[in-house]
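As the structure is a computational prediction, the values presented were derived from the model and not from experiment. The figures here come from the full heavy-atom set of this structure, side chains too, leaving out hydrogens, waters and symmetry mates.
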Amino acid sequence: MATLADLPDSVLLEIFSYLPVRDRIRISRVCHRWKRLVDDRWLWRHVDLTLYTVSGADRAGVGRGGASGPRTPDLELGSPGRMRPKVMWHLLRRYMASRLYSLRMGGYLFSGSQAPQLSPALMRALGQKCPNLKRLCLHVADLSMVPITSLPCTLRTLELHSCEISMAWLLKEQDPTVLPLLECIVLDRVPAFRDEHLQGLTRFRALRSLVLGGTYRVTETGLDAGLQELSYLQRLEVLGCTLSADSTLLAISRHLRDVRKIRLTVRGLSAPGLSVLEGMPALESLCLLGPLITPEMPSPAEILSSCLTMPKLRVLELQGLGWEGQEAERILCKGLPHCMVIVRACPKESMDWWI
């Protein structure tokens with residue numbers, strides 16, 4: 001029977017990549033081979049720290065040099081899931097550094113004045129020590145005291161999930177040179193985000209993809225005005241918002257003639273509302289998500305009719321509508337032979353969050 005010692009390095013690295021950060025470091029003590037593998041650059045391209053929070057004590061120490069400080073060989077957690085700042089600094093210096101491509105952090109937003117928070121010092125340290133960091137995902141984080149100017153300037157993707165941000169973060173009047181490479185921004189349940197912030201996204205000159213999830217302060221008027229200034233977007237997702245699908249599609253048809261990918265929930269979607277996309281010259285992928293189906297919901301035949309007028313459409317995806325294995329799926333697959341038609345239930349979140 002084969003043992004772990006018989007497995008090639010590539011297989012062991014793949015196994016190690018699914019381990020929490022603490023366990024990755026601990027297994028480096030097993031043998032010289034495993035220590036060498038834990039030091040492999042490939043293993044530290046994508047790091048998920050959402051299991052831990054950075055302790056509020058000694059927060060400023062994260063941003064200091066630390067190269068001459070004591071070595072921290074393990075994640076010494078003061079309480080379950082609590083990561084000390086010196087450990088975070090050790091990870092930056094010893095393991096992540098120039099290897100890091102994607103970082104996921106979270107669990108920092110709590111009630112009480114003594115709550116741990118992400119600090120500007122930590123954000124600046126990421127920018128200085130991780131020059132190849134391209135994607136930053138922040139979950140349940142209090143960023144109200146973190147200026148957007150402290151974020152790593154190398155970011156191409158910024159994801160904010162259930163985060164608190166300063167009202168000044170995304171205003172149009174802010175420095176237009178911040179995050180010059182940012183191509184994609186995900187705003188998922190960010191309570192402070194509103195109409196003026198949407199228009200302020202024009203400061204990010206490289207922005208091409210925008211995801212709005214549960215942004216209940218964005219109005220139909222604000223979306224229309226914002227998309228007018230963001231006419232260069234190539235991908236737009238509007239999920240779980242208070243906006244109707246019809247009003248969203250109308251704003252898209254008016255201002256995003258070069259959009260390639262649209263993904264939105266079907267709340268308030270009707271056949272006339274879907275028809276405004278007819279003839280969209282660059283649209284390649286259309287995804288409609290349930291489960292809020294109303295009597296006005298377009299029938300499979302009406303969806304087919306609209307899709308046939310989109311010359312570059314190659315992917316049609318219908319999630320959570322309850323049509324999988326039904327006659328609706330057969331009609332769409334037969335009527336759109338040039339398209340990949342995907343009819344399925346809403347998938348579970350992938351463990352490969354960086355994809």
Side-chain angles (χ1 to χ4, degrees), residues 135 156-160 170 172 179 181-188 190 193 195 197-215 218-290 298 302-319 321 332 336 338-342 355:
R135 182 171 184 174
R156 295 184 182 273
T157 298
L158 175 63
E159 297 188 16
L160 304 178
L170 300 173
K172 196 172 184 179
L179 302 179
L181 304 178
L182 190 65
E183 298 174 350
C184 174
I185 185 167
V186 176
L187 297 156
D188 176 28
V190 179
F193 190 79
D195 291 348
H197 293 136
L198 183 60
Q199 297 180 38
L201 294 179
T202 55
R203 63 190 289 203
F204 304 119
R205 305 300 186 185
L207 189 66
R208 293 298 179 269
S209 297
L210 173 62
V211 180
L212 301 177
T215 50
V218 175
T219 66
E220 295 180 2
T221 302
L223 180 68
D224 187 80
L227 294 188
Q228 184 175 4
E229 298 194 39
L230 294 167
S231 59
Y232 45 82
L233 287 179
Q234 297 180 357
R235 169 193 170 207
L236 177 65
E237 300 187 17
V238 182
L239 311 171
C241 300
T242 56
L243 304 168
S244 71
D246 278 5
S247 64
T248 301
L249 292 178
L250 181 59
I252 291 173
S253 67
R254 285 176 176 172
H255 309 300
L256 304 185
R257 299 301 297 177
D258 295 327
V259 69
R260 296 182 180 179
K261 180 175 182 179
I262 299 174
R263 190 166 180 256
L264 77 162
T265 47
V266 298
R267 176 183 174 273
L269 180 63
S270 66
L274 182 62
S275 67
V276 301
L277 292 182
E278 293 181 0
M280 290 289 283
L283 187 61
E284 299 172 357
S285 176
L286 175 63
C287 179
L288 304 176
L289 286 79
E302 290 170 326
I303 294 176
L304 174 62
S305 177
S306 293
C307 290
L308 287 173
T309 68
M310 305 172 192
K312 291 192 176 181
L313 188 68
R314 293 297 178 265
V315 178
L316 173 64
E317 187 171 355
L318 306 173
Q319 289 187 16
L321 301 182
L332 292 170
L336 297 169
H338 61 289
C339 279
M340 177 188 297
V341 178
I342 304 170
I355 297 177

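- Legend: residues meeting salt bridge (charged side-chain N to carboxylate O under 4.0 Å, His left out) with Arg235, ordered by chain and number and at least two apart, are Glu237.
- Interatomic distance, Ile342 CD1 to Ser285 OG, rounded to the nearest 0.5 Å: 8.0 Å.
- For Ser270, the side-chain hydrogen bond (donor to acceptor under 3.5 Å, both in side chains) test picks out Asp246, with sequence neighbours left out.
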Check the pair Glu284, Lys261 against side chain to side chain contact (heavy atoms under 4.5 Å, CB included), reporting the backbone distance first and the verdict last. CA-CA 6 Å; Glu284 299 172 357; Lys261 180 175 182 179; over 6 Å; no

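- Leu233 approaches Ser209 most closely through the heavy-atom pair CD2-N, 4.0 Å.
- Annotation: side chain to side chain contact (heavy atoms under 4.5 Å, CB included) contacts of Arg254 (sequence neighbours excluded): Asp224, Leu250.
- Residues satisfying the side-chain hydrogen bond (donor to acceptor under 3.5 Å, both in side chains) test with Ser244, not counting sequence neighbours, are Ser247.
- Under the 4.5 Å side-chain criterion, counting only non-hydrogen atoms from C-beta, Leu316 is in contact with Ile303.
- With contacts defined as side-chain heavy-atom distances shorter than 4.5 Å, the pair Leu318/Leu332 qualifies.
- Across Leu277 and Leu283, no two heavy atoms sit closer than the pair CD1-CD2, 4.5 Å.
- Scanning both residues, Leu269 and Ala245, for their nearest heavy atoms gives CB-CB, 3.7 Å.
- Taking each heavy atom of Leu239 and Arg263 in turn, the nearest pair found is CD1-NH1, 3.4 Å.
- Atom CZ of Arg205 has 12 or fewer neighbouring heavy atoms from other residues, nucleotides or ligands inside a 6.0 Å radius.
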Could you give me the CA-CA distance, side-chain angles and deciding distance for Leu249 and Leu264, then say whether side chain to side chain contact (heavy atoms under 4.5 Å, CB included) is met? CA-CA 9 Å; Leu249 292 178; Leu264 77 162; 4.1 Å; yes

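- Arg257 pairs by the salt bridge (charged side-chain N to carboxylate O under 4.0 Å, His left out) definition with nothing, not counting sequence neighbours.
- Atom CE of residue Met310 and atom CG of residue Leu286 lie 5.5 Å apart, to the nearest 0.5 angstrom.
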Under the side chain to side chain contact (heavy atoms under 4.5 Å, CB included) criterion, do Val218 and Asp195 qualify, and how do the steps go? CA-CA 5 Å; Val218 175; Asp195 291 348; 3.8 Å; yes

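- With rounding to the nearest 0.5 angstrom, the CG atom of Leu243 is 10.0 Å from the OG1 atom of Thr221.
- Proximity of a side-chain donor or acceptor of Arg267 to a complementary backbone N or O of Gly240 within less than 3.5 Å is not detected.
- Under the side-chain hydrogen bond (donor to acceptor under 3.5 Å, both in side chains) criterion, Arg260 pairs with no residue, sequence neighbours left out.
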Could you go through the salt bridge (Lys or Arg N to Asp or Glu O under 4.0 Å) check for Arg156 and Glu183 one step at a time? CA-CA 5 Å; Arg156 295 184 182 273; Glu183 298 174 350; 3.0 Å; yes

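- With sequence neighbours left out, the side chain to side chain contact (heavy atoms under 4.5 Å, CB included) criterion links Leu201 to Leu170, Ile185, Phe193, Leu198, Phe204, Leu207, Leu210, Leu230.
- Residue Arg135 holds its CZ atom at 5.5 Å from OG1 of Thr157, rounded to the nearest 0.5 Å.
- Note on residues 225-234: pairs passing salt bridge (charged side-chain N to carboxylate O under 4.0 Å, His left out), not counting sequence neighbours, are Lys172-Glu229.
- The shortest heavy-atom contact between Gln199 and Thr202 is O-OG1, 3.0 Å.
- Residues Pro311 and Pro281 come closest through the heavy atom pair CG-O, 4.0 Å.
- Residues meeting the salt bridge (charged side-chain N to carboxylate O under 4.0 Å, His left out) test with Asp188, sequence neighbours left out: none.
- A side chain to side chain donor-acceptor pair (under 3.5 Å) check over residues 302-312, counting only residues at least two apart or in different chains, returns the pairs Glu278-Ser306, Ser299-Glu302.
- Partners of Cys339 under the side chain to side chain contact (heavy atoms under 4.5 Å, CB included) rule, at least two apart in sequence or in another chain, are Leu313, Leu336, Val341.
- Taking 4.5 Å as the limit, some side-chain heavy atom of Ile252 sits within range of a side-chain heavy atom of Met280.
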